[in-house]
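Written out below as structure tokens is the structure these notes cover.
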Amino acid sequence: MGYRQAAVLVSVSFFLGVLFICLNVDYRILFTPLTESVVRDGMEFYTTFYNSPPAIKALLHTVMGIGLLGLVGKLHKWDDSAMFFDGSSLAAYVFGLAVYLTVGIPACRTVADPVPDVDTKEDQIEALRILSAGNTIIIVLFGAILALQAGEQWARRLEAKMILEAGEQAQIPATTVVADAESKKDK
């Protein structure tokens, strides 16, 4: 495993960790009856998340960039593995970033900082549900990236094993031919 793959795995795993923390709230919003306490917990959680210090937001965006750079760097080596595994991983990563930028940030803004006289309580609850659904979609996409990266490593190891076996089989007939030639000299 190289630095590029490590960058991809670290960034995806980091965001899966963050999203699994959010899943504690998202699960109750999406899959349980929507009570006032569930809505209040979701509003408080995402308001705290939205109002976090700029250093936290900078860290999140830097890790996003590292993952994107790692995938583009892995794609630079243009072989079959890069086309299938890394290309698919890059597509899933970009789609996850698109969901975050187009759904996550505006919905979080609506929940945490509603526009006065425009965003009603119902709008905030709907934004909370959309934000939770977007986070769930990103979890699935990042899980797929991890599965693709594991598949790539499995394919590389299988390929190396097959090449080693083919090399050993090529050496066996050559040694038997040499041994047969030596035995004919002895006779």
Side-chain angles (χ1 to χ4, degrees), residues 1-32 34 36-76 86-121 123-150 152-153:
M1 175 172 59
Y3 290 113
R4 289 173 274 196
Q5 184 161 11
V8 172
L9 294 177
V10 165
S11 66
V12 169
S13 298
F14 177 78
F15 280 111
L16 277 175
V18 171
L19 289 169
F20 278 128
I21 291 170
C22 295
L23 190 64
N24 290 324
V25 175
D26 294 341
Y27 179 81
R28 294 187 306 154
I29 292 169
L30 292 174
F31 304 114
T32 63
L34 206 57
E36 187 61 37
S37 67
V38 171
V39 171
R40 187 185 68 247
D41 289 345
M43 296 280 192
E44 289 174 3
F45 178 79
Y46 283 112
T47 300
T48 303
F49 194 75
Y50 182 77
N51 292 327
S52 63
I56 303 283
K57 295 174 185 174
L59 173 71
L60 289 173
H61 294 134
T62 301
V63 173
M64 277 183 209
I66 289 171
L68 192 60
L69 286 174
L71 278 169
V72 169
K74 285 185 73 179
L75 197 61
H76 184 270
D86 296 331
S88 299
S89 295
L90 182 62
Y93 198 84
V94 168
F95 186 65
L97 288 178
V99 169
Y100 168 73
L101 293 173
T102 60
V103 173
I105 291 176
C108 196
R109 186 176 297 129
T110 300
V111 168
D113 190 22
V115 177
D117 300 327
V118 175
D119 291 330
T120 64
K121 182 75 169 178
D123 292 336
Q124 287 181 301
I125 293 171
E126 189 64 30
L128 191 61
R129 295 182 89 164
I130 290 170
L131 178 59
S132 297
N135 286 346
T136 305
I137 289 169
I138 295 171
I139 287 172
V140 170
L141 290 169
F142 284 0
I145 291 170
L146 288 180
L148 285 165
Q149 294 301 307
E152 179 182 23
Q153 283 302 308

Problem set entry | Ring-face cation of Lys57 near Tyr50 (centre distance under 6.0 Å, axis angle within 45°) | yes
Seminar exercise, completed: Between Ile29 and Ser132, the two heavy atoms sitting closest are CD1-OG, 3.5 Å
Exercise. Does the side chain of Tyr46 reach to within under 4.5 Å of the side chain of Gln124, using non-hydrogen atoms?
Worked result: no
For this session: For Ala7 and Ile66, work out which heavy atoms get closest and say how close.
Result: CB-CG2, 3.8 Å
For this session: Measure the CG-CG distance between Leu90 and Leu148 for me, rounded to the nearest 0.5 Å.
Result: 11.5 Å
Problem set entry | Side-chain donor-acceptor contact under 3.5 Å, Gln153 with Gln5 | yes
For this session: Evaluate the side-chain contact (heavy atoms from CB on, under 4.5 Å) criterion for residues Arg129 and Leu34: first the C-alpha distance (whole Å), next the side-chain angles of each, then the deciding distance (0.1 Å), finally the verdict.
Result: CA-CA 10 Å; Arg129 295 182 89 164; Leu34 206 57; 4.0 Å; yes
Problem set entry | Atom pair CD1/CG of Ile139 and Leu19 - distance to nearest 0.5 Å | 5.0 Å
For this session: Step through the shown structure and confirm whether more than 12 heavy atoms of other residues, nucleotides or ligands are within 6.0 Å of CZ on Arg4.
Result: no
For this session: To the nearest 0.5 Å, tell me how far Leu101 CG sits from His61 NE2.
Result: 7.0 Å
Exercise. Parallel, tilted or perpendicular: which describes the rings of Phe31 and Tyr27, with under 30° parallel and over 60° perpendicular?
Worked result: tilted
Exercise. Run the side-chain contact (heavy atoms from CB on, under 4.5 Å) check on Phe49 and Ile56 step by step: do they pass?
Worked result: CA-CA 9 Å; Phe49 194 75; Ile56 303 283; over 6 Å; no
Problem set entry | Minimum heavy-atom distance between Ser11 and Tyr93, given as atom pair plus value | OG-OH, 3.9 Å
For this session: Could you pull out the closest heavy-atom pair between Leu131 and Ala107, with the gap in Å?
Result: CB-CB, 3.8 Å
Problem set entry | Within-4.5 Å side-chain heavy-atom neighbours: Leu23 and Asp26 | yes
Exercise. Does some side-chain heavy atom of Ile125 sit less than 4.5 Å from a side-chain heavy atom of Met43?
Worked result: yes
Problem set entry | Nearest-0.5 Å distance, OG1 of residue Thr136 to CG of residue Leu141 | 11.0 Å
Seminar exercise, completed: Of Ile145, Val8, Leu146, the one forming a side chain to side chain contact (heavy atoms under 4.5 Å, CB included) with Ser89 is Ile145
Problem set entry | Side-chain donor or acceptor of Ser13 paired with backbone N/O of Val10 under 3.5 Å | no
For this session: Measure the CD-CG distance between Glu126 and Asp123 for me, rounded to the nearest 0.5 Å.
Result: 8.5 Å
Seminar exercise, completed: Here the gap from Ile105 atom CD1 to Thr110 atom OG1, rounded to the nearest 0.5 Å, amounts to 12.0 Å
